[in-house]
There are 2 protein chains.
Amino acid sequence: MASLGELERAVMDLLWAGQEAATANTLRDMLAQSTAAHDGAAGHVGKDLAVTTVLTVLSRLEKKGLVERERGTRPHRYRAVSSREDHTAELMHEVLGSAPDREAVLARFIGSVTEGEAETLRKLLGHS
Amino acid sequence: MASLGELERAVMDLLWAGQEAATANTLRDMLAQSTAAHDGAAGHVGKDLAVTTVLTVLSRLEKKGLVERERGTRPHRYRAVSSREDHTAELMHEVLGSAPDREAVLARFIGSVTEGEAETLRKLLGHS
DNA sequence: GTTGATGTTCTACGCGATGTAGAAAACATC
DNA sequence: GATGTTTTCTACATCGCGTAGAACATCAAC
């Protein structure tokens with residue numbers, strides 16, 4: 001179960017961006033702040049949401065295992081369980097799946113990767 | 001927009017498996033046939049569906065651009081637009097996205113690939 | 001050219017996921 | 001224990017998907 005809704009994604013983007021754990025209120029404010037102008041994560045812009053909305057979303061993200069919270073402190077603090085990169089890589093593996101044609105898929109995949117990335121991959125894969 | 005429902009997936013699996021274009025009725029029968037015993041694609045087993053159901057699903061898949069149909073022949077014939085491998089590879093790129101941390105993601109991804117596959121990748125990436 | 005069989009489109013319902021938030025309950029503080 | 005803050009419960013709208021009947025279109029045969 002991987003897919004995220006638009007708001008869920010926006011919240012995760014915020015949690016992934018800041019390295020500190022955040023409270024629902026902080027997140028609510030951040031979501032309200034991000035204006036259409038810039039906002040790398042785009043999508044949800046200037047949404048002025050109720051805190052309860054953010055809390056609901058956070059609960060759902062927690063249930064999905066993407067977020068964990070410190071229940072000790074009074075305003076609970078939420079943090080992403082894994083980095084965006086780890087999460088994305090995991091997703092990629094999920095998509096790749098355990099099909100019998102894994103290698104064929106990889107071949108196609110590699111085919112449309114930029115030369116720079118190909119170079120990076122060569123390094124990562126090492127000699128041997 | 002990537003994700004497929006269970007039935008949609010089952011239909012795509014059938015279309016990807018057979019190289020010939022199939023009719024809704026054929027697909028209906030195939031779906032009914034596939035018993036729990038084997039059936040590589042698993043999931044939807046022995047479902048005895050109405051033809052209209054299959055047609056609805058095919059329409060939705062067409063709208064998603066995964067399937068195309070010959071409208072000329074009377075029982076319309078449906079075929080997958082691209083191979084399963086191509087589709088999966090495309091999905092992987094979609095997941096990888098155009099984030100600024102693409103290389104970091106690739107690093108994580110490569111990290112958890114079997115040695116056999118790593119070998120394949122080395123060959124594919126070639127020297128250069 | 002009317003009838004019937006066969007195939008396709010329209011419309012629709014149920015369910016689960018998601019966006020959204022008020023009402024109510026739990027806490028902290030004075 | 002009254003008040004303000006935070007969290008949980010409950011709820012509703014929308015949408016995607018599984019599912020299919022009703023209505024419409026086609027075409028062969030009579």
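Throughout, a chain's letter reflects where its sequence line sits, starting with A, and its residues are numbered from 1.
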### Task
Round to the nearest Å and state the distance from B/Leu27 atom CG to C/dT8 atom P.
11 Å
### Summary
Sorted by position of nearest nucleotide on DNA chain C, 5' first, the leading residue of A/Arg9 and B/Pro75 is B/Pro75
### Query
Residues in side-chain contact (heavy atoms from CB on, under 4.5 Å) with A/Ala17, at least two apart?
none
### Query
Would B/Arg79 and B/Glu62 count as a salt bridge (Lys or Arg N to Asp or Glu O under 4.0 Å) if you check the C-alpha gap in whole Å, the side-chain angles of each, and the deciding distance to 0.1 Å?
CA-CA 10 Å; B/Arg79 85 181 68 258; B/Glu62 190 185 26; over 6 Å; no
### Query
When you measure from the side chain of A/Leu49, which nucleotide among D/dG18, C/dT20, D/dA20 comes out closest?
C/dT20
### Task
For A/Arg60, check side-chain contact (heavy atoms from CB on, under 4.5 Å) against everything at least two apart and list the hits.
A/Glu8, A/Thr56
### Query
Under 3.5 Å, is there a donor-acceptor pair between the side chain of A/Arg28 and the main chain of A/Leu49?
yes
What are the atom names and distances for every N/O pair under 3.5 Å that joins the protein to nucleotides 27-30 of chain C?
unit_1 : atom_1 : unit_2  : atom_2 : d
C/dC27 : O4'    : A/Arg74 : NH2    : 3.2

### Message
Please determine whether a side-chain nitrogen of the Lys or Arg among A/Lys47 and A/Glu6 lies less than 4.0 Å from a carboxylate oxygen of the Asp or Glu.
### Response
no
## Note on the structure
Those residues at least two apart in sequence (or on a different chain) that pass side-chain contact (heavy atoms from CB on, under 4.5 Å) with A/Ala118 are A/Val113, A/Glu115, A/Arg122, B/Leu125
### Query
Do any N or O atoms from the side chain of B/Arg102 and from the backbone of B/Gly97 form a donor-acceptor pair under 3.5 angstrom?
yes
### Task
Give a yes/no answer on whether the side chain of A/Lys47 brings an N or O atom under 4.0 Å of OP1 or OP2 in C/dT20.
yes
### Query
Do B/Glu20 and B/Arg77 sit within salt-bridge range, that is, some charged N less than 4.0 Å from a carboxylate O?
no
### Task
Round to the nearest Å and state the distance from A/Glu62 atom CD to C/dT18 atom C1'.
17 Å
#### Entry: Residues forming a salt bridge (Lys or Arg N to Asp or Glu O under 4.0 Å) with B/Arg84, sequence neighbours excluded
A/Asp101, B/Asp13
### Residue pair B/Glu70 / B/Ala21: nearest heavy atoms and the distance that separates them
OE2-CB, 4.3 Å
### Task
Report the residues that fulfil salt bridge (Lys or Arg N to Asp or Glu O under 4.0 Å) with A/Glu94, sequence neighbours left out, ordered by chain and then residue number.
none
### Query
Looking only at heavy atoms, which two atoms of A/Thr88 and B/Val95 are closest? And how far apart?
CG2-O, 3.5 Å
### Task
Considering non-hydrogen atoms only, spot the tightest contact between B/Val54 and B/Ala24 and give its length.
CG1-O, 3.8 Å
### Query
Counting only side-chain N and O atoms of A/Thr53, is one of them less than 4.0 Å from OP1 or OP2 of C/dG19?
no
### Separation of C/dT6 P from B/Asp29 CG (nearest whole Å)
14 Å
In a table with atom names and distances, give each donor-acceptor pair under 3.5 Å that connects a side chain of residues 103-112 of chain B to protein atoms at least two apart or in another chain.
unit_1   : atom_1 : unit_2   : atom_2 : d
B/Glu103 : OE1    : A/Thr120 : OG1    : 2.9
B/Glu103 : OE2    : A/Thr120 : OG1    : 3.3
B/Arg108 : NE     : A/Asp86  : OD1    : 2.8
B/Arg108 : NH1    : B/Ala104 : O      : 3.2
B/Ser112 : OG     : A/His93  : NE2    : 3.0

## Note on the structure
Within residues 76-83 of chain A, those residues having any heavy atom closer than 4.0 Å to DNA chain D are A/His76
### Query
Given atom CG of A/Leu55 and atom P of C/dA25, what is their separation to the nearest angstrom?
18 Å
### Contact summary for A/Ala32 and A/Asp48, nearest pair of heavy atoms
CB-OD1, 4.3 Å
### Query
Atom CZ of A/Arg28 and atom P of D/dT6: how far apart are they, to the nearest Å?
12 Å
Mind listing the N/O atom pairs, protein and nucleotides 28-30 of chain D, below 3.5 Å?
none

### Message
Taking CZ in A/Arg69 as the centre, count heavy atoms belonging to other residues, nucleotides or ligands within less than 6.0 Å. Is the count above 12?
### Response
yes
Below 3.5 Å is the cut-off: list the nitrogen or oxygen pairs between protein and nucleotides 10-16 of chain C, distance only.
none

### Query
Pairs in or reaching into residues 2-32 of chain B: which pass ring-ring contact (aromatic ring centres under 6.0 Å, His included), with residues at least two apart or in two chains?
B/Trp16-B/His87
#### Entry: Under-4.0 Å side-chain N/O to phosphate OP1/OP2 contact, A/Asn25 with D/dT6
yes
#### Entry: d(CD, B/Glu6; P, D/dG18) in whole Å
7 Å
### Message
Using a strict heavy-atom distance below 4.0 Å, which residues from residues 64-72 of chain A are in contact with DNA chain D?
### Response
A/Arg69, A/Arg71
### Task
Give the rounded distance in Å between these two atoms: NZ of B/Lys63 and C1' of C/dT8.
15 Å
### Summary
note: B/Asp48, atom CG; D/dG18, atom P; distance rounded to Å ~ 17 Å
